[in-house]
Amino acid sequence: MKKTKLVKVGTAAAAFAALQCAFPVLAFASEKEGIAVLIPDMNEFIPMLVAFLIILAVLAKLGWPVIDNIITKRETTITEALKKSEEAQVESERVLAEYRKQLADAKAQSAQIIADARATGESVKADITAKAQAEAADMIEKARGAIEAEKKAAIAELQSSVAETSIAVASKVIGADLSDDEHRQLIERYVNEAGSFNAN
C-alpha cells in the first residue's frame, strides 16, 4: 500500500520534471528589462501552474495521508512511551517507598532484638550472680559448720586426752589409786578448768 503511494508520488514528480523539460525554451524566449522581469509570461506561467496544481492534487490525494499517518503513528508511539515512562516512574517511586519502609522496619526490629538481647543478658547475668552468691554463702556456711564441728571434736578429744593424762599424773603424784567417784570429780574439775582456759 505504501509502496503504491510512493510510486504515485514519484510519478507525479517525474511528470512535473517532464513539463519543465518540455518548456525550457519559453523561459529564455525573450529578454525582459525593468519591471517586466517580475511579471510572469503567460506562456510559462500557465504550464507551471498546471504542473503545480497536478503535483498539489497528487500530494493531497496520496502524499498527505501517508505523511499524516506517519505523524499520527509517531505521535501515538511517543504518547504511549511517555505514558509507560510515567507508569514506570510511579511504580519505581512506589517500590522505593516500600523499600524505605521495609528498611525502617528492619532497623526497628534489629534495635528491638538488640534491646531484648541486652535485657536477657542482664537478666541472665543477675541470675548467675545471685546463684553464685547463694552457692558461695552456702559453701561458707557449710565450711563454718564443718570448722565448728571439727573444733568441738578437737576440743573434746583434747579434753579427754588431758583428762587421762591428768589422772595418770595425779595417780603417780598421789601414789594411790583413786576411786571412780574421785576420778570423776577430778576429771570434771579439770575439764571445767581446761574449758575456762580455752575460753580465755
Side-chain angles (χ1 to χ4, degrees), residues 1-3 64-200:
M1 181 75 178
K2 288 184 179 179
K3 288 183 178 180
W64 292 123
V66 172
I67 294 171
D68 187 51
N69 190 20
I70 291 171
I71 291 172
T72 303
K73 285 183 180 178
R74 181 66 178 158
E75 184 180 354
T76 304
T77 304
I78 292 171
T79 304
E80 289 177 357
L82 287 173
K83 185 178 178 183
K84 287 180 181 178
S85 175
E86 288 175 359
E87 290 174 355
Q89 184 177 0
V90 169
E91 180 65 16
S92 65
E93 288 175 357
R94 185 190 67 78
V95 170
L96 181 61
E98 184 177 347
Y99 170 75
R100 286 180 178 166
K101 183 179 179 298
Q102 289 176 354
L103 184 62
D105 291 344
K107 285 182 179 179
Q109 287 177 359
S110 64
Q112 185 63 41
I113 289 169
I114 291 170
D116 291 344
R118 284 181 182 165
T120 304
E122 291 295 328
S123 176
V124 169
K125 179 182 175 183
D127 289 344
I128 291 171
T129 304
K131 286 180 182 178
Q133 288 176 349
E135 289 176 2
D138 188 40
M139 289 173 67
I140 290 170
E141 191 62 32
K142 286 180 181 178
R144 283 180 182 167
I147 290 169
E148 192 65 30
E150 289 290 332
K151 180 180 175 184
K152 287 180 180 179
I155 289 172
E157 185 179 350
L158 181 62
Q159 286 174 349
S160 174
S161 176
V162 168
E164 289 175 2
T165 305
S166 298
I167 291 170
V169 169
S171 295
K172 287 182 181 180
V173 169
I174 293 172
D177 288 334
L178 300 174
S179 65
D180 290 339
D181 290 333
E182 291 173 340
H183 276 288
R184 193 173 291 114
Q185 288 174 0
L186 186 62
I187 290 169
E188 286 178 358
R189 189 181 66 180
Y190 184 77
V191 166
N192 290 332
E193 288 176 0
S196 64
F197 177 74
N198 288 330
N200 290 334

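- One distance of note links CD of Gln109 with NZ of Lys107; it measures 13.5 Å at 0.5 Å rounding.
- A 6.0 Å sphere centred on CD of Glu93 holds more than 12 heavy atoms belonging to other residues, nucleotides or ligands.
- Evaluation of the side chain to side chain contact (heavy atoms under 4.5 Å, CB included) rule for Thr79 yields Glu75 as partners, not counting sequence neighbours.
- Leu103 CG to Leu96 CG: the interatomic distance, rounded to the nearest 0.5 Å, is 10.5 Å.
- By the side-chain hydrogen bond (donor to acceptor under 3.5 Å, both in side chains) test, Asp68 pairs with no residue at all, sequence neighbours left out.
- For the atom pair Asp105 CG and Lys101 NZ, the distance stands at 4.5 Å (nearest 0.5 Å).
- Arg144 meets the side chain to side chain contact (heavy atoms under 4.5 Å, CB included) test with Ile140, Glu141; sequence neighbours excluded.
- Remark: Ile71 engages Ile67 in a side chain to side chain contact (heavy atoms under 4.5 Å, CB included) (not counting sequence neighbours).
- Within the structure, side chain to side chain donor-acceptor pair (under 3.5 Å) contacts touching residues 112-130 (residues at least two apart or in different chains) are Gln112-Asp116.
- Taking the side chain to side chain contact (heavy atoms under 4.5 Å, CB included) definition, one finds that Arg94 meets it with Glu91, Glu98, sequence neighbours left out.
- Here the options are Leu82, Thr76, Ile78, the test is side chain to side chain contact (heavy atoms under 4.5 Å, CB included), and the partner is Glu80; only Thr76 passes.
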